[in-house]
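Numbers restart at 1 for each chain; the letters A, B, ... are given by sequence-line order, proteins then strands. Keep in mind that the numbers below use all heavy atoms, side chains included, and drop hydrogens, waters and symmetry copies. Predicted model only: the values in this text are computed from it and were never measured.
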2 protein chains.
Amino acid sequence: MVENGISPSYQRLKIYSCLMGTKSHPTAYTIFEKLKEEIPSLSKTTVYNVLKLLVDKGLVKAVRIEDHELRFDAEVREHGHFKCSVCGEVSDVFLNQELMQLIEQRNKVTEIQFNITGVCEKCLQISKEK
Amino acid sequence: MVENGISPSYQRLKIYSCLMGTKSHPTAYTIFEKLKEEIPSLSKTTVYNVLKLLVDKGLVKAVRIEDHELRFDAEVREHGHFKCSVCGEVSDVFLNQELMQLIEQRNKVTEIQFNITGVCEKCLQISKEK
DNA sequence: GTATCTGCAAAACATTTGCAATTCT
DNA sequence: AGAATTGCAAATGTTTTGCAGATAC
């Protein structure tokens, strides 16, 4: 944490540990609820602030698995998510083998949504010209 | 529209046409703003209601490209999105060639998020046992 | 004339912001 | 003391809900 330029306050350590200790991709609110028991003074604002800080510093990934709310993941390696429509469990899927396998085993997959961010051809050309 | 079990009211036709005529993945609010000029009586609630209906009936896809708001797409074939971080333009990416090309040309890609929905191994087993 | 569709206002919900109080060094 | 951190309350922005009025068949 220190090596990433974050002073390790009590709240920050707790929130980060909370994320490290789970694979359930919790929301800010879930983290708040969980830590509230241990830190009764904790505020939702702090959870939001700290999560934003952790994301900015690259210690945590913000992921939008579905629905209206943002989830957080201490797994920062590039990966995606597989959600079982029956049990609701969310597991990590890594590029490329796993993704390709899943796409090929279409009988088990009902939906794929993916979003890629980068620089498009046009903008790449413009930047080269400069 | 009729063949999908939707009675084609004026508002419904307008909202659907609006989506058919663009590749810009508009939000409910954008559609509302655009149609408001033509249909001054139009309400945001109707736009939300109709979009939900169109999604339920499979005429439209709801996509979450980023941020806090839902976008809509009349392209219902399975595909993902590529957003240029420079110009902000969003284009469609189809499986598999395009996706694979993009993933391989890593110099241009800064982030990949993907979400897959389906039935996990465990649940698949359970359903077979029955 | 009854069922469906529309639209307003209010509610709900996640997230952000302004600012004051607290904590750390 | 001074800077950083926390936390409350209020604001924001998107989407949903309840219900009354309008429309269509």
- Query: Within the pair A:Gln11 and D:dG7, is there a side-chain N or O less than 4.0 Å away from OP1 or OP2?
  - Reply: yes
- Query: Looking at the side chain of A:Val50, which of D:dT6, C:dG18, C:dT4 is the nearest nucleotide?
  - Reply: D:dT6
- Item | Closest nucleotide among C:dT16, D:dT6, D:dT15 to the A:Lys52 side chain | C:dT16
- Note on the structure: For B:Val76, the other hydrophobic cluster members (4.5 Å side-chain criterion, sorted by chain and number) are none
- If you check the B:Ser7 side chain, which of D:dA4, C:dC5, C:dT15 turns out closest? C:dC5
- Query: Which whole-number value in Å describes the distance from B:Met1 CE to C:dT4 C1'?
  - Reply: 15 Å
- Message: Please report the interatomic distance CG(B:Asn4) to CG(B:Leu59), rounded to the nearest 0.5 Å.
- Response: 4.0 Å
- With a non-hydrogen cut-off below 4.0 angstrom, is B:Ser41 in contact with a base, only sugar-phosphate, or nothing? sugar-phosphate
- So, are A:Lys14 and A:Glu38 salt-bridged, with charged N and O less than 4.0 Å apart? yes
- Item | Parallel, tilted or perpendicular, as decided by the 30° and 60° cut-offs, for the rings of A:His79 and A:His25 | tilted
- Item | Residue mapping more 5' on DNA chain D - nearest nucleotide basis, B:Asn49 or B:His68 | B:His68
- Query: Of all the nucleotides listed (C:dG7, D:dT16, D:dT6), which has the minimum atom distance to the side chain of B:Leu42?
  - Reply: C:dG7
- Separation of A:Tyr48 atom OH from D:dT12 atom C1', in whole Å? 13 Å
- D:dT16 P sits how many Å from A:Glu69 CD, rounded? 13 Å
- Item | Nearest-nucleotide pick for B:Ser9, side chain only, options being D:dC8, C:dC8, C:dT6 | C:dT6
- Message: For residues B:Tyr48 and B:Ile39: do they belong to one hydrophobic cluster (side chain heavy atoms under 4.5 Å, members Ile, Leu, Val, Met, Phe, Trp, Tyr)?
- Response: no
- Task: Round to the nearest Å and state the distance from B:Ile39 atom CD1 to D:dT23 atom P.
- Result: 14 Å
- Item | Length of the line joining A:Leu13:CG and C:dC24:P, which is rounded to integer Å | 12 Å
- Query: Please give, in whole Å, the distance from D:dT5 P to A:Leu51 CG?
  - Reply: 15 Å
- Note on the structure: Judged by nearest nucleotide, the residue sitting upstream toward the 5' end of DNA chain C, B:Lys44 or B:Ile6, is B:Ile6
- Task: Provide, to the nearest angstrom, the distance between the CZ atom belonging to A:Arg12 and the C1' atom belonging to D:dT6.
- Result: 9 Å
- Task: Starting at atom CG of B:Leu53, determine the distance to atom P of C:dC5, rounded to an integer number of angstrom.
- Result: 8 Å
- Message: Is it the case that the base of C:dC8 and the side chain of B:Thr45 share a donor-acceptor contact (distance under 3.5 Å, atom types as modelled)?
- Response: yes
